[in-house]
Structure formats: structure tokens, C-alpha cells
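Below: one structure, written as C-alpha cells.
Order of listing sets the numbers, starting from 1, for every ligand and every atom in it. Keep in mind it's a predicted model, so treat the numbers as computed, not measured.
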Amino acid sequence: MFTKAITKKPCRALIDGISTAQFTDTPESPDYDLAVKQHDKYIRILESLGLEVLDLPSDERFPDSCFTEDPAVVMEGLAVVTNPARDSRNGEKAEIEPALKKFYPEDRIFHIEAPGTMEGGDVMQVGRHFYVGQSGRTNAEGARQFNDIVTGAGYTSETVPVTEGLHLKDFVIYLDNHDLLVTETMDKVPAFRDFNRYIIPEDELYAINSLYINGTVLVPAGYPKTLKIIQDLGYPTITVDTSEFRKIDGSLTCLSLRF
Ligand code: CIR
């Protein structure tokens, strides 16, 4: 059960956020005003599901800083400040730490150190186990340090290759009840063999990053096939318009830290 979330308001520099345009054929910049409205709505939805949301002020120095999932990984009992790989995002780690200190004692906040890199979008938690994507943003050393940290607290972790794009959770997501939404590639990954796997059609790739919160699944608006798969599994759903974040590779999980 999640009770809290940390979000951060989008800044005007969001229009310069990093984009591989992995979710769109027609690259364009986000509309800042619309992004702010969508972000507000996202927070209201988290609140409606029982979360107390700490929404941090925007920070113009970091275009991608509304994606609070990346500079930290939070779990029961401890938090890990990551080491974002891209220069324009690395400073976000210093900005998220004071927020983490409101919820975790200082000696329960750990750090991924260079040459290790990591971003929270590559970390998928299933119970007391973590799947860590080795990607362009999270390297083997980052994953190794993370493993050392979490095993010291009674968790386990293993690595999974990310071969399709940005972060692990763009290509596989855990809902509940052993249910995973996957791409065809992730469907074949041995680490996921014991899950119930549901392959999301390629034209709805973006909707894999749906977000399970306290029994309900948030699904990006505009992906009817994925919505039906999730609803047919029996989950109540809420659709959320994230069109402006999608333009810079951002999706539902990226916009918050939940714990
Ligand atoms: C980036 O490239 O870092 C941002 N434009 C998007 C980050 C998305 N975060 C996530 O998937 N956890």
C-alpha cells in the first residue's frame, strides 16, 4: 500500500528536455502550460487514491526534473539516491535528497557513486525483489552498488538487459497478482518467465508504462487495446493524459516517487 508520493512541478525549460522521440514519429516540444495542467491532474489522481503528495517547486536548471522517479529509488526502510547518467540530469540527485530526508533518517539514505550510474526508471520492484535494467542510463557498476545496498536491508535484485530504448519500465511493468505488461522482447527474458505476461501491441508501446497504485491502474489516455487488457484482468483503471511528457519520453511512473 502506498501512502506517499514525491512529485516536482514541470519547469519552463521542460521544452528542452532530453528526447529520443521513442514514443512518437513526429518530434515536437512539450507545451509548458498544458504540461502543468496535466501534472496537476496527475497529482489530484494520486491524492484520490489515498496518497499524500509532496509536490516540489519547479527548478529551471533541470529541464527533466519533473521526472522524480529517476534521481532516487525509494522503498520501505530506505532510499537510494541514484547517479543519473546524463549531465543535464545529474544535478537532480542533490535536489531530491532534502525531500527524501523528510521521510527517511539520514543513515537510511544511500548513494550510487561514480563510476556507477543509475536512474529509477530502470528499477522495477516486485515485492522484496528488484529487477534492474542495464541500459544507456544504468550501468553494471550502478546495478552492483544497488544490489549491495538493498541486500543489506533484506531485499534482492537482479539485472535485466534493456535493448529497446530508454528505461526498463518503458518495456516491462509490474501491476499486481504476478501480472506483467511486456514487449515481445521482454516476454522472452528468462527472468520474467514465471509471471503472467501480457504482450502490449507495438503501436501501444507507450502504454506499457501504466501505474498500479493501491488496487487501481493508471493508464495513459489514448491506448484502447492496453486499457482493455488491463480491464479484462479485473483492475479498475483511470486514464491520464500525459501527451506533453510523452514528447520527451516521459510517462506515468516517471512523474513520481511512490512509497
Ligand atoms: C530523460 O530522457 O531523462 C527524460 N526526458 C525522460 C525521463 C523518463 N523517466 C522515466 O522513464 N523514468
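- The shortest side-chain heavy-atom distance between Glu119 and Glu69 does not fall under the 4.5 Å cut-off.
- Using a 4.5 Å heavy-atom threshold, the side chains of Phe171 and Thr185 count as separate.
- The hydrophobic clustering, which links ILVMFWY residues whose side-chain heavy atoms are closer than 4.5 Å, places Val126 and Tyr198 together.
- Which of Gln22, Arg137, Glu119 comes nearest to atom 2 (O) of ligand 1 through a heavy atom is settled by distance: it is Arg137.
- Residues His167 and Asp70 meet the side-chain proximity criterion, which asks for heavy atoms closer than 4.5 Å.
- Atom 6 (C) of ligand 1 has Ile248 O, 3.3 Å as its closest protein atom, hydrogens excluded (heavy atom only).
- Relative orientation of the Phe195 and Tyr131 rings is perpendicular, given thresholds of 30° and 60° on the angle between their planes.
- Considering Arg246, Arg89, Glu69, Arg86 only, the shortest heavy-atom separation from atom 7 (C) of ligand 1 involves Arg89.
- With hydrogens left out, the protein atom closest to atom 4 (C) of ligand 1 is Asp64 OD1, 3.3 Å, a heavy atom.
- The Gly121 neighbourhood of ligand 1 comprises atoms 12 (N), with distances under 4.0 Å to a heavy atom of that residue.
- Ring geometry, Tyr104 versus Phe259: the interplanar angle falls from 30° to 60°, so the pair is classed tilted.
- Inclusion of Phe67 in the set of residues having an N or O under 3.5 Å from an N or O of ligand 1 is not warranted.
- By the criterion of a heavy-atom distance under 4.0 Å, the side chain of Asp70, and not its backbone, is placed next to ligand 1.
- Scanning the protein heavy atoms around atom 10 (C) of ligand 1, the nearest turns out to be Cys254 SG, 2.8 Å.
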